[in-house]
Amino acid sequence: MNPSFSSYLVNDVFGDPGVYVEVRWSKRALLFDLGHNDRLGPRKLLHANDIFISHTHVDHFIGFDAVLRVALGRGKTVRLLGPPGLINNVQGKLQGYTWNLVDGYPLTLDVQEFHPQEVRRALFRATDGFRQVEQPARPLLPEPATGKFTVLNDPMFTVSAVSLNHRVPSFAYSLEEQFHINVNKQKLHEANLPVGSWLKDVKEYIWQGQPDEFRFTATLYDKHHREERELVLGEIKERFCTISRGQKISYVVDARYDEENEAKIVALVQGSDLFYCESPYLEVDAGKARDRYHLTAKQAGLMARKAQVRDLVVFHFSPRYTGQGEALEREAMEAFQRI
Ligand SMILES: [Zn+2]
Ligand SMILES: [Zn+2]
């Protein structure tokens, strides 16, 4: 099976936190947090149209400028989603520069902040000198039992969040593919159908929920010839596609270990294939972790176990442990019972 998402840390485990998620078969990517991100390079930064911010402490937001820089002059919308205060923070960043020569640039920043009961939204357009234009708020209804709410709904996936206590709200996120579509290339070959971009369209139609009787025109071509053929979605689905459980990737940073945070985290990340969790401190320094509203490696491992995730990646290590990265990793994996 070819997974739809491929994800990795933006920096090494001691660097600024952030996870980049590539969506296969598209030029699309999701980015969790905006710490230093030069390592991604301009092409990858440009593909990240949906950016999820945990909170705006400097190590999670200093990379905003890099995104702005590469996106300027591109005809696109970058969506930034995060906790209360994000609109002001973005405005503050934008006001730090002079914008008298960008009115030909079609870039729009769409910023949405999630309050306990509503989503506030503002647009900043380059054509308008990045003046803040408020949009109507919409209601938000978190799940009462878990505090979980939806941040982004796409035909292919959903991104949900919970708000954690880090002395300021810090959002944890979970990305869930609705379901996974696998195309059997061998069967296509046997039926004399070439692999090609028409399969991307097929997936798109299935994600959109088009009915089985839906007809579409596929452009089929190989080395020797090219033809347009009308196909029926249901037939293609039945003969060549396998639909299975989707991938789930979770991202948790900067949060204190307490009962409420733990319950929210475990509910959000339950059953993830991959769980990225901060673990800045060793358990011997649990007091310091608590004072600074952070987790220890052991706590990260315990929550991964409780949430029955498949794989755990720990990161956002405190520089005090430089040279001891392995100890943090080992402590988390022991609590996760993987070693
Ligand atoms: Zn923080
Ligand atoms: Zn941090």
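Note that these values count all heavy atoms, side chains included, but never hydrogens, waters or copies made by symmetry. What you see is a predicted model, and the numbers here were worked out from it, not measured in a lab. Position 1 is the first residue of the sequence, and the numbers go up from there. We count ligands from 1, going down the list as the structure has it; atoms in each ligand are counted the same way.
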Quiz prompt | Shell of protein N/O/S atoms around the Zn ion (ligand 1), taken as anything under 2.8 Å | solution = His55 NE2, His57 ND1, His166 NE2, Asp254 OD2
Listed pairs under 3.5 Å, donor-acceptor, residues 205-214 side chains, sequence neighbours left out:
residue: Gln208; atom: OE1; partner: Gln210; partner atom: NE2; Å: 3.2
residue: Asp212; atom: OD1; partner: Lys237; partner atom: NZ; Å: 3.0

Quiz prompt | Any Val309 side-chain heavy atom under 4.5 Å of Ser250 side chain | solution = no
Exercise. Any side chain to side chain donor-acceptor pair (under 3.5 Å) involving residues 330-339? Give me the pairs, sequence neighbours left out, ordered by first then second residue.
Key: none
Quiz item: Do we see a donor-acceptor contact under 3.5 Å between the side chains of Thr242 and Asn182?
Solution: no
Practice problem: For the pair Tyr251 and Phe315, name the ring-plane relationship: parallel under 30°, tilted 30 to 60°, perpendicular over 60°. | Solution: tilted
Quiz prompt | Of all N/O/S atoms in His316, the name of the one nearest the Zn ion (ligand 2) | solution = NE2
Considering only distance and modelled atom types, tabulate donor-acceptor pairs under 3.5 Å from the side chains of residues 75-85, sequence neighbours left out.
residue: Lys76; atom: NZ; partner: Leu46; partner atom: O; Å: 2.5
residue: Lys76; atom: NZ; partner: Asn49; partner atom: OD1; Å: 2.6
residue: Arg79; atom: NE; partner: Asp50; partner atom: OD1; Å: 2.7
residue: Arg79; atom: NH2; partner: Asp50; partner atom: OD1; Å: 3.0

